[in-house]
Amino acid sequence: MRINISLAILVLLNGVAAFWRMECRGRLGVARLDPLISPGTVSQHAHAIHGSSGFSNDATHADLVNGECTSCIVTQDKSAYWAPNLYFKHANGTYEDVEQVGGMLAYYFLNPDAKNPNGKIQAFPNDFRMIAGDSTRRNYSLGDPQKPDPEKSRWAQLGQTTQYDLAQRALGFNCLDYSKAPEGSLQRHYLPNKTYLDANCPDGVRFELSFPSCWNGKDITSPDFKSHVAYPDLVLNGNCPDGFNVKLPGLFYETIWATNAFKGVDGEFVISNGDVQGYGYHGDFMSGWDANFLQEAVDQCTNLSGRVQDCPIFTLQTEDQQRQCKLTVPSALANEKVTGMIGNSLPGGVAIQLGPGPAIGNNPQTESASIPVPTVGYTPGTSVTGSSYLPGGVFAFGKTSTTNAAASSATPGVNALAEQHSSLTPSPTPTPSEPPVPAGYQLVRTDYVTNGNVVSKIVVIETVEYVMVATETVTVTATGGAEKSRRQLLHLHQHRHGSH
Ligand SMILES: *[C@@H]1O[C@H](CO)[C@@H](O)[C@H](O)[C@H]1NC(C)=O
Ligand SMILES: *[C@@H]1O[C@H](CO)[C@@H](O)[C@H](O)[C@H]1NC(C)=O
Ligand SMILES: *[C@@H]1O[C@H](CO)[C@@H](O)[C@H](O)[C@H]1NC(C)=O
Ligand SMILES: *[C@@H]1O[C@H](CO)[C@@H](O)[C@H](O)[C@H]1NC(C)=O
């Protein structure tokens, strides 16, 4: 299904910004390597690693840049992206890795600081490094994780915009059922249990991780790899906190895991850092871009399609080329089994630790059954008004065995996607207050961004290939009436009044 391209040209207003989806269809490998946390040695737990083949346990920016290849689609992107791998622990205690479907996707969101909507996005400086999430975390401190998040517009009022809070909301575990409307991204902040996944997620689960995008403007890294950066107050967008006024591209990792392959098999899913609940999910980034080049891309590549194909300065490679790019595993790890049936412990002997207190190093802790793993029901992203969700389901793939047809296509994966979506039941009819969605699209989410007295309503619709963003800006008086409404291409109807 191809869309009418002219529809992609939508008016962009008031800080709603472009983004790219950096596809990394190849995986460099799985290994206990982490140049940030464990430089020069082996790391505690195994990671699924993507990006430049220059990656190693002590990689520098130069090493990444000089890597022979990248497992991502844009050849100029020699960055390294890594996050824990997922395992299944069989009832007999044997661990087996879970298939990662379709590689990884890193969104680059180009959202300005809401306080400075016309401000520019600063490219990552050379050698920029950061970590999102906390590997030792084993609880959720923002109330009942089974309850959906409050509307974003209320987070500040509820006192839920500390960095500590935002970091917990920056994790998502999206239950995939391609026969239903997609769940919203960052909607569920824990990994559902096996029973739930078996019953509700026939297409697996998508891990989501949002990185901080507000920078202190001077340090390329910091001792904890976090304190030089901060989240804007709505995680993906919003206001940057004081002292972090330089806006970087907002990185957002997505990986899909074929948990469905274990349907009916007795056991549990365990993230490589010994976390069964997902609260300790995290990810690492080292920029391997040339900062000047990335700045050009950030400045020029603002097509709202999200497609790297629409950025003329990017050089693209095929899915096959991305898949051929592999890591040289150091000799110390060459014989460590990290995929397939790997034996009676996680790589590195990491023990499962349930919390609620933080996990401690590798110290085995008795597995206690007393900590409940929460569950929330399957909620399509479209049904939660006023929350900000990413375009769910965009990075959806068929089983890897069926994606070969798309291998050399200029838009990898599209064939598989089209195939998959052709069996979708029609997307739900939006409620009358929602804008009309053009034929062939589905409404993915409705979002509100508040900036001073201006509330922008953002409606995201998608087809199998493109994501588009349309905005309507409404100026709201202090007492709350809508004063001015500018209709955009989709003739959106403002139906939210003035709590701001
Ligand atoms: C444990 O169970 C799995 C799944 O049935 C099986 O494949 C594996 O061989 C078993 N491992 C051992 C050591 O028996
Ligand atoms: C998994 O979650 C369900 C609720 O969806 C709950 O009923 C069940 O007891 C949980 N299973 C385990 C093994 O914790
Ligand atoms: C954006 O991309 C679409 C294709 O996805 C293309 O047709 C359109 O011309 C591009 N717009 C701009 C302004 O480059
Ligand atoms: C929850 O996790 C945080 C971070 O690891 C920790 O500081 C806190 O003590 C934990 N809460 C409980 C109740 O253990």
Side-chain angles (χ1 to χ4, degrees), residues 37 44-45 84 86-99 131-148 160 162-171 173-177 183 187-202 205 224-227 231 258-271 273-282 337-347 349-363 365-379:
I37 296 292
Q44 186 226 20
H45 53 268
L86 183 64
Y87 292 91
F88 181 70
K89 185 185 182 187
H90 287 277
N92 61 10
T94 301
Y95 285 88
E96 180 178 1
D97 79 312
V98 178
E99 186 196 353
I131 290 180
D134 174 358
S135 183
T136 67
R137 177 170 271 284
R138 292 294 183 274
N139 68 51
Y140 182 74
S141 72
L142 284 161
D144 183 352
Q146 304 197 46
K147 299 233 170 78
Q160 298 181 340
T162 66
Q163 290 299 309
Y164 188 76
D165 298 338
L166 297 168
Q168 295 177 66
R169 294 239 164 102
L171 309 183
F173 299 88
N174 197 293
C175 169
L176 299 174
D177 179 349
E183 285 196 326
Q187 177 174 304
R188 182 190 292 101
H189 308 296
Y190 63 85
L191 178 63
N193 73 15
K194 177 77 171 46
T195 316
Y196 185 87
L197 290 169
D198 273 6
N200 300 284
C201 317
V205 62
D224 62 356
F225 304 98
K226 294 178 186 175
S227 33
Y231 286 100
T259 50
N260 45 322
F262 296 90
K263 183 168 180 177
V265 183
D266 208 10
E268 65 179 334
F269 293 103
V270 188
I271 302 172
N273 59 339
D275 178 9
V276 297
Q277 300 152 312
Y279 300 131
Y281 188 60
H282 59 282
K337 196 129 174 57
V338 287
T339 56
M341 289 285 180
I342 63 168
N344 276 322
S345 71
L346 289 166
V350 173
I352 293 177
Q353 294 185 59
L354 292 176
I360 315 149
N362 270 349
N363 297 343
Q365 240 181 311
T366 330
E367 245 180 82
S368 130
S370 65
I371 310 294
V373 180
T375 48
V376 287
Y378 190 102
T379 319

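All residue numbers in this chain count up from 1 along the given sequence. Counting starts at 1 for both ligands and their atoms, following the listed order.
Atom CE of residue Met341 and atom NE2 of residue His90 lie 3.5 Å apart, to the nearest 0.5 angstrom.
Using a 4.0 Å heavy-atom cutoff, Glu96 is absent from the residues neighbouring ligand 1.
Between the side chain of Glu183 and the backbone N or O of Cys175 there is at least one donor-acceptor pair closer than 3.5 Å.
Checked against a 3.5 angstrom limit, the closest N/O atoms of Asn193 and ligand 2 fall inside it. The shortest N or O to N or O distance between His90 and ligand 1 is not under 3.5 Å.
Within 4.0 Å of ligand 4, the residues that place a heavy atom are Arg137, Asn139, Tyr164, Pro356, Gly357, Pro358, listed by chain and number.
The aromatic rings of Tyr279 and Tyr140 lie parallel to each other, with less than 30° between the two planes, well short of the 60° mark. Classified by interplanar angle (parallel below 30°, tilted 30° to 60°, perpendicular above 60°), the ring pair His45/His282 is perpendicular.
Shown are Leu191, Leu176, Leu197; of these, the side chain to side chain contact (heavy atoms under 4.5 Å, CB included) with Thr259 is made only by Leu197.
With sequence neighbours left out, the side chain to side chain donor-acceptor pair (under 3.5 Å) criterion links Asp165 to Thr162.
Of all the atoms in ligand 1, the ones that sit under 4.0 Å from a non-hydrogen atom of Met341 are 7 (O).
Contact detail for Val270 and Leu86: the closest heavy-atom pair is O-CD1, 3.6 Å.
Counting non-hydrogen atoms of neighbouring residues, nucleotides and ligands closer than 6.0 angstrom, the NZ atom of Lys263 reaches no more than 12 such neighbours.
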